[in-house]
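Heads up: the structure comes next, in structure tokens.
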Amino acid sequence: ETGVTQTPRHLVMGMTNKKSLKCEQHLGHNAMYWYKQSAKKPLELMFVYNFKEQTENNSVPSRFSPECPNSSHLFLHLHTLQPEDSALYLCASSQDLVGETQYFGPGTRLLVL
Amino acid sequence: AQSVTQLDSQVPVFEEAPVELRCNYSSSVSVYLFWYVQYPNQGLQLLLKYLSGSTLVKGINGFEAEFNKSQTSFHLRKPSVHISDTAEYFCAVSDRGNYGGSQGNLIFGKGTKLSVKP
């Protein structure tokens, strides 16, 4: 498989559930990102990892917990979410940070009931 | 900090007509500029980017954009659109990563939905 893949593509969860989103990049990149895409709002950067180290946490609530076990994999662990967390969650990767093209996965469409 | 304004949320256009999608940015430092496209049920894909050099940047699928520093704009153009260009287009800006520990995170506009009609 090539590029950036994300699983699952769709997820419905209750506010008391715990779930995880998975992202995998097959591009040999060093940096990985989580974004939130909500209707009528700009993409919001959530987290950045560079060489497996978190370099950015954009004031994200603690109910979102990222994990980057290696440069190819990125997880977003979800617990006790709110209905306003329903959105498309996009993962991206890039070779390095500044000025580099980011390659996006297709996203996970999350619905919190 | 940077910000991006995409002046049109929706742009309807007929097939084979020219199109311009407008993007203005605000920044106190020098920037890099990007246009990404998102087709339905897909992630974003880079169309083109400006890092330095010629202010006219050519990208994929016949798109081009011109960096205008004095007007802080980076408008996207295509001389003749196709039905397959129907998508949402995002302008993004980043700093150059050499200011106070910045790592050049992308700041996106709200997007412009281009609808090409036959």
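Letters A, B, ... mirror the listed sequences (proteins, then strands); counts begin at 1.
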> Which pair of heavy atoms, one from Y35(A) and one from L106(B), lies closest together, and at what distance?
Replying inline: OH-CB, 4.0 Å
>> Tell me if the OH atom of Y103(A) is crowded by more than 12 foreign heavy atoms within 6.0 Å.
In response: no
> Do L46(B) and Q102(A) pass the side chain to side chain contact (heavy atoms under 4.5 Å, CB included) test, and can you show the C-alpha distance, the side-chain angles, and the key distance before you say yes or no?
Replying inline: CA-CA 8 Å; L46(B) 182 74; Q102(A) 292 186 18; over 6 Å; no
> Minimum heavy-atom separation for Q37(A) to Q38(B), with atom names?
Replying inline: NE2-OE1, 2.9 Å
> Is the backbone N or O of K110(B) less than 3.5 Å from a side-chain atom of K41(A), with the two atoms forming a donor-acceptor pair by type?
Replying inline: no
> More than 12 non-hydrogen atoms from neighbouring residues, nucleotides or ligands closer than 6.0 Å to CG on N41(B), yes or no?
Replying inline: no
> Would M46(A) end up clustered with L88(A) when hydrophobic side chains under 4.5 Å apart are linked, directly or stepwise?
Replying inline: no
>> So for Y32(B), is it side chain, backbone, both, or neither that comes closer than 4.5 Å to the heavy atoms of chain A?
In response: side chain
> Do you reckon L113(A) sits in the same ILVMFWY cluster as L21(A), going by side-chain contacts under 4.5 Å, direct or chained?
Replying inline: no
> Considering all heavy atoms of both residues, which atom of D95(B) and which atom of V98(A) are nearest to each other, and what is their separation?
Replying inline: O-CG1, 4.1 Å
>> Taking every non-hydrogen pair under 4.5 Å, which of A92(A), G107(A), G99(A) racks up the most with chain B?
In response: G99(A)
> When only pairs under 4.5 Å are counted, which of L97(A), D96(A), L45(A) shares the most heavy-atom pairs with chain B?
Replying inline: L97(A)
>> Please determine whether residues L21(B) and F108(B) belong to a single hydrophobic cluster, defined as Ile, Leu, Val, Met, Phe, Trp and Tyr linked transitively by side-chain heavy-atom distances below 4.5 Å.
In response: no
> So which of Q6(A), R9(A), E56(A) has the largest heavy-atom pair count under 4.5 angstrom toward chain B?
Replying inline: E56(A)
>> Are Y33(A) and V60(A) connected into the same hydrophobic cluster when the rule is that any two of I, L, V, M, F, W, Y join if their side-chain heavy atoms are below 4.5 Å apart?
In response: no
>> Less than 4.5 Å apart, side chain to side chain, heavy atoms only: is that true for L43(A) and L44(B)?
In response: yes
> Do you reckon L74(A) sits in the same ILVMFWY cluster as L27(A), going by side-chain contacts under 4.5 Å, direct or chained?
Replying inline: no
